[in-house]
Enquirer: 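Have a look at this one.
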Amino acid sequence: MNCKGKVALVTGASRGIGRAVALKLSHMGAYVYINYVQNKAAAQETLRKVTDGGGEGRICRFDVSDFNESRTALKNIVDEKGRIDILINNAGISNDGLIVRIKEDDWNRIIDTNLKGVFNCCRATARYMIKQRRGRIVNITSIVAETGNAGQSHYAAAKAGIIGLTKSLAKELGSRNICVNAVAPGFIETDMTASLSDGDRESVRNLIPLERLGTPEDVAGVVAFLVSEEASYITGQIIRVNGGLYM
Ligand code: NAP
């Protein structure tokens, strides 16, 4: 799988799944923009790993939940590199709570980052990809978009929204040779799941046919396939990467 000469933006690439995706795409030859919102040191560490592996890229701070910041960031990328070939909408946050405890601000923050953030970046990128008549967009949703999860109503609603957004954009942009897909991870070992107690971790593990939690690299491999030439006839799909936890 080859991405030589391609320009990619990975949102939320300072840590976790986004970092693994940025590394994988850079190994495939893409120039990678490593987005983050507050953790500059971690983003720099991702960039260091990219360059240590012989790849190229730069860090790029903006808040995906901010329409204007997202638009400006994409304009700067295209001004600098002349194009944007690959957009990976990975940035996301969680803040678990039962419905009676979720404050309006909690709801808004989850929806603004996890769903509106995907809209903001797709909106800002689509015009360039349409002009290029080529592009690949991969949106990171979640297993809970399809299963639901007690304590994650806002997060699951945002992630389910990403599925509708993905399928609609696949229909809208297909004639311009732009493929839009989503990847739905199960339980992946990152900062987001680090607060699970050992007991909860064991309970989840017992439900997974492959008997382990996933790694960021498990997800990155699938994202890499979706942006490759080998996947050029795949669009509008939701690819589950969950060890068989939901099928
Ligand atoms: P993570 O380790 O917590 O990393 C989150 C990343 O998102 C960080 O790079 C963070 O940047 C960035 N981010 C957060 N808010 C942002 C904003 N407003 N603008 C720009 N960047 C922002 O998360 P992860 O586990 O790798 O998750 C990555 C994606 O996979 C998320 O969409 C998550 O919902 C999804 N997912 C994760 C799992 C799982 O089990 N881990 C399962 C299903 C789906 P800073 O470092 O600057 O804060």
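Since the model is a prediction, treat every value here as computed from it, not as a measurement. Residue numbers count from 1 along this sequence. Counting starts at 1 for both ligands and their atoms, following the listed order.
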Enquirer: Closer than 4.0 angstrom: is that true for some heavy atom of Ser94 and an atom of ligand 1?
Expert: no
Enquirer: Can you report which non-hydrogen protein atom sits closest to atom 12 (C) of ligand 1, along with the distance?
Expert: Gly12 CA, 3.5 Å
Enquirer: Just let me know how Tyr155 lines up against ligand 1, side chain, backbone, both or neither, with a heavy-atom cut-off below 4.0 Å.
Expert: side chain
Enquirer: Which of these passes side chain to side chain donor-acceptor pair (under 3.5 Å) with Arg48: Thr46, Asp52, Thr51?
Expert: Asp52
Enquirer: Got the closest protein heavy atom to atom 13 (N) of ligand 1, with its distance?
Expert: Ala91 CB, 3.9 Å
Enquirer: Report yes if some N/O of Tyr36 lies less than 3.5 Å from some N/O of ligand 1; otherwise report no.
Expert: no
Enquirer: Report yes if some N/O of Pro185 lies less than 3.5 Å from some N/O of ligand 1; otherwise report no.
Expert: no
Enquirer: Short list, please: which atoms of ligand 1 are under 4.0 Å from a heavy atom of Gln38?
Expert: 47 (O), 48 (O)
Enquirer: Heavy-atom contacts with Phe62 under 4.0 Å: which atoms of ligand 1 show up? List them by number with element.
Expert: 19 (N), 20 (C)
Enquirer: Among Lys81, Arg58, Glu80, which residue satisfies the side chain to side chain donor-acceptor pair (under 3.5 Å) criterion with Tyr33?
Expert: Glu80
Enquirer: Looking at ligand 1, does Arg19 have a heavy atom less than 4.0 Å from it?
Expert: no
Enquirer: Looking at ligand 1, does any of its N/O atoms fall within less than 3.5 Å of an N/O of Thr193?
Expert: no
Enquirer: Can you tell me if Asn120 and Arg123 form a side-chain donor-acceptor pair at under 3.5 Å?
Expert: no
Enquirer: Tell me whether Leu196 is reachable from Tyr155 by hopping between hydrophobic residues (I, L, V, M, F, W, Y) whose side-chain heavy atoms are closer than 4.5 Å.
Expert: yes
Enquirer: For atom 10 (C) of ligand 1, what's the nearest protein heavy-atom neighbour? Residue, atom name and distance, please.
Expert: Arg15 NH2, 3.6 Å
Enquirer: At a 4.0 Å cut-off, with the gap strictly under it, does some heavy atom of Pro216 reach an atom of ligand 1?
Expert: no
Enquirer: Spell out, yes or no, whether Val204 and Ile143 are grouped together once hydrophobic residues are joined by side-chain heavy atoms under 4.5 Å, including indirect joins.
Expert: yes
Enquirer: Can you tell me how far CG of Leu47 sits from SG of Cys60, rounded to the nearest 0.5 angstrom?
Expert: 11.5 Å
Enquirer: Considering both backbone and side-chain atoms of Ser142, is one of its nitrogen or oxygen atoms within less than 3.5 Å of a nitrogen or oxygen in ligand 1?
Expert: no
Enquirer: Test your reading of the structure: does Ile17 have an N or O sitting under 3.5 Å from an N or O of ligand 1?
Expert: yes
Enquirer: Under a 4.0 angstrom heavy-atom cut-off, which atoms of ligand 1 come close to Gly186?
Expert: 38 (C), 40 (O), 42 (C), 43 (C)
Enquirer: Cut-off 3.5 Å, side chains only: do Tyr36 and Gln44 have a donor facing an acceptor?
Expert: no
Enquirer: May I ask you to list the atoms of ligand 1 that are less than 4.0 angstrom from any heavy atom of Asn35?
Expert: 20 (C), 21 (N)
Enquirer: Show which side-chain atoms of residues 90-97 pair as donor or acceptor with protein atoms under 3.5 Å away, not counting sequence neighbours.
Expert:
residue: Asn90; atom: ND2; partner: Thr11; partner atom: O; Å: 3.1
residue: Asn90; atom: ND2; partner: Gly12; partner atom: O; Å: 2.9
residue: Asp96; atom: OD1; partner: Gln152; partner atom: NE2; Å: 3.1

Enquirer: Using a 4.5 Å cut-off on heavy atoms from C-beta on, say whether the side chain of Asn139 contacts that of Asn181.
Expert: no
Enquirer: Hey, does Lys49 have a side-chain heavy atom less than 4.5 Å from the side chain of Leu23?
Expert: yes
Enquirer: Evaluate the side-chain proximity of Cys122 to Ile137: yes if any heavy-atom separation is below 4.5 Å, no if none is.
Expert: yes
Enquirer: Quick one: does Ile188 get an N or O within less than 3.5 Å of an N or O on ligand 1?
Expert: yes
Enquirer: Kindly indicate whether the side chain of Met129, heavy atoms from C-beta on, has any atom under 4.5 Å from the side chain of Asp85.
Expert: no
Enquirer: Which of the atoms of ligand 1 are close to Phe187, meaning less than 4.0 Å from one of its heavy atoms?
Expert: 40 (O)
Enquirer: Return the closest protein heavy atom for atom 9 (O) of ligand 1 as residue, atom name and distance.
Expert: Ser14 OG, 2.6 Å
Enquirer: Has ligand 1 got any nitrogen or oxygen that is less than 3.5 angstrom from a nitrogen or oxygen of Val64?
Expert: yes
Enquirer: Can you run down the salt bridge (charged side-chain N to carboxylate O under 4.0 Å, His left out) pairs that involve residues 187-215, sequence neighbours left out, and say none if there aren't any?
Expert: Arg15-Asp191, Glu189-Arg201, Glu202-Arg205, Arg212-Asp218
Enquirer: State the atoms of ligand 1, each with its element, that fall below the 4.0 Å cut-off from a heavy-atom position in Gly92.
Expert: 5 (C), 7 (O), 14 (C), 31 (C), 32 (O)
Enquirer: Compute the shortest N/O to N/O distance between Thr113 and ligand 1 and return yes if it is under 3.5 Å, no if not.
Expert: no
Enquirer: Identify the closest protein heavy atom to atom 41 (N) of ligand 1: which residue and atom is it, and at what distance?
Expert: Thr190 OG1, 3.1 Å
Enquirer: Does a side-chain heavy-atom distance below 4.5 Å link Leu9 with Leu74?
Expert: yes
Enquirer: Could you see if Val222 belongs to whatever hydrophobic cluster contains Ile17? Use Ile, Leu, Val, Met, Phe, Trp, Tyr and a side-chain cutoff under 4.5 Å.
Expert: yes
Enquirer: Relative to the heavy atoms of Asn90, which atoms of ligand 1 are at a distance of less than 4.0 Å?
Expert: 28 (C), 29 (C), 30 (O), 31 (C), 32 (O)
Enquirer: On a heavy-atom basis, I'd like to know which of Val37, Asp63, Thr11 is closest to atom 18 (N) of ligand 1.
Expert: Asp63
Enquirer: Identify, by atom number and element, the atoms of ligand 1 in contact range of Asn39, meaning under 4.0 Å from any of its heavy atoms.
Expert: 45 (P), 46 (O), 47 (O)
Enquirer: Would you mind finding which of Thr141, Ile140, Val219 brings a heavy atom closest to atom 44 (C) of ligand 1?
Expert: Thr141
Enquirer: When only distance counts, is Ser65 in polar contact with ligand 1, meaning an N/O pair under 3.5 Å?
Expert: no
Enquirer: Are Asn39 and Ser14 linked by a side-chain donor-acceptor pair shorter than 3.5 Å?
Expert: no
